[in-house]
Amino acid sequence: MDETVSDGTLELSLVNDLQEIGAAAAKIDAFCEARSVSPQIAYAVNLSIDEILTNTISYGYDDEAEHRIDLTLRLEGDTLVVVIVDDGRAFDSSMERDPNLDATLEERALGGLGLFLVQQMMDDVDYRRRDAFNVITLTKSTTEQDEE
């Protein structure tokens, strides 16, 4: 994994190997801690990144070749912005439906919980296909908000 840190930005370049996720998570935690991002916000961001990377690595490629996944995390004022770029298979996130959380495990459709979780934990999730790349942008406010 390659890493660059500069002026409020962390850039990571991973390969499509699930074992890379743990090392990335540690670097993301350290980045957030150094910028006084609360542990709760850092956890939400890290969990969301983990879900996206796991899905990309597990389901995004049609071959067994090594692929690069670029991740950028930057602090813009009071907002963490995460951009994940990969060359995996295109997917249409608008086709994802909220899972039926009331259904039994036998009745529930396979998959769909990861993206649902990311959408619940982040303030905004944006997916775009640019040329041959998936570009996912996540944003999360770093200011604590009381939940009622």
Once rounded to the nearest 0.5 Å, what's the spacing between atom [atom1] of [X] and atom [atom2] of [Y]?
{"X": "Ile52", "Y": "Asn55", "atom1": "CD1", "atom2": "CG", "result": "8.0 Å"}
{"X": "Glu11", "Y": "Ser6", "atom1": "CD", "atom2": "OG", "result": "6.0 Å"}
{"X": "Gln40", "Y": "Met121", "atom1": "CD", "atom2": "CE", "result": "10.5 Å"}
{"X": "Cys32", "Y": "Leu73", "atom1": "SG", "atom2": "CG", "result": "5.5 Å"}
{"X": "Asp50", "Y": "Leu117", "atom1": "CG", "atom2": "CG", "result": "10.0 Å"}
{"X": "Ile136", "Y": "Asn134", "atom1": "CD1", "atom2": "CG", "result": "6.0 Å"}

Q | For Asn46, side-chain contact (heavy atoms from CB on, under 4.5 Å) partners two or more places apart | A | Ala25, Ile28, Asp29
**Q.** Partners passing side-chain contact (heavy atoms from CB on, under 4.5 Å) against Glu33 (at least two apart in sequence or in another chain)
**A.** none
Closest contact, heavy atoms only, [X] versus [Y]:
{"X": "Val37", "Y": "Ala42", "result": "CG1-N, 4.0 Å"}
{"X": "Val82", "Y": "Ile84", "result": "CG1-CG1, 4.0 Å"}
{"X": "Ala44", "Y": "Met122", "result": "O-CE, 3.5 Å"}
{"X": "Tyr61", "Y": "Asp87", "result": "CE2-OD1, 3.2 Å"}
{"X": "Ser141", "Y": "Ile41", "result": "O-CD1, 3.5 Å"}
{"X": "Arg129", "Y": "Gly88", "result": "NH1-O, 2.9 Å"}

Q | Name of the residue among Leu80, Leu138, Thr79, Thr139 meeting side-chain contact (heavy atoms from CB on, under 4.5 Å) with Asp123 | A | Thr139
Q.
For Arg128, give me all partners under side chain to side chain donor-acceptor pair (under 3.5 Å), at least two apart in sequence or on another chain.
A. Asp126
(Q) For Lys140, give me all partners under side chain to side chain donor-acceptor pair (under 3.5 Å), at least two apart in sequence or on another chain. (A)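 Applying side chain to side chain donor-acceptor pair (under 3.5 Å) to Lys140 gives none.
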Q: Determine whether Met1 and Lys27 make a side-chain contact, defined as any pair of heavy atoms from C-beta on separated by less than 4.5 Å.
A: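 The answer is yes, as the side chains (C-beta and beyond) meet within the 4.5 Å cut-off.
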Q. Does the side chain of Leu10 come within less than 4.5 Å of Thr4's, by heavy atoms?
A.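 In short, these two side chains do not touch, never coming nearer than 4.5 Å.
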**Q.** By salt bridge (Lys or Arg N to Asp or Glu O under 4.0 Å) - contacts of Asp62 (at least two apart)
**A.** Arg89
Q) To which residues is Phe133 joined in a hydrophobic cluster, defined by side-chain heavy-atom contacts under 4.5 Å among Ile, Leu, Val, Met, Phe, Trp and Tyr, whether direct or through other members? A)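 Once heavy-atom contacts under 4.5 Å are chained together, Phe133 belongs with Val81, Val83, Val85, Val135.
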Q. Does anything in residues 74-85 pair up under salt bridge (charged side-chain N to carboxylate O under 4.0 Å, His left out), and if so which pairs, sequence neighbours excluded?
A.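 Every pair satisfying salt bridge (charged side-chain N to carboxylate O under 4.0 Å, His left out) with a residue in residues 74-85: Arg74-Glu76.
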Please set out all donor-acceptor pairs under 3.5 angstrom arising from side-chain atoms of residues 12-24, sequence neighbours excluded.
residue: Ser13; atom: OG; partner: Arg68; partner atom: NE; Å: 3.3
residue: Ser13; atom: OG; partner: Asp70; partner atom: OD1; Å: 3.1
residue: Asn16; atom: OD1; partner: His67; partner atom: N; Å: 2.5
residue: Asn16; atom: ND2; partner: Ala65; partner atom: O; Å: 3.2
residue: Asp17; atom: OD1; partner: Gln19; partner atom: N; Å: 2.9
residue: Glu20; atom: OE1; partner: Val15; partner atom: N; Å: 3.0

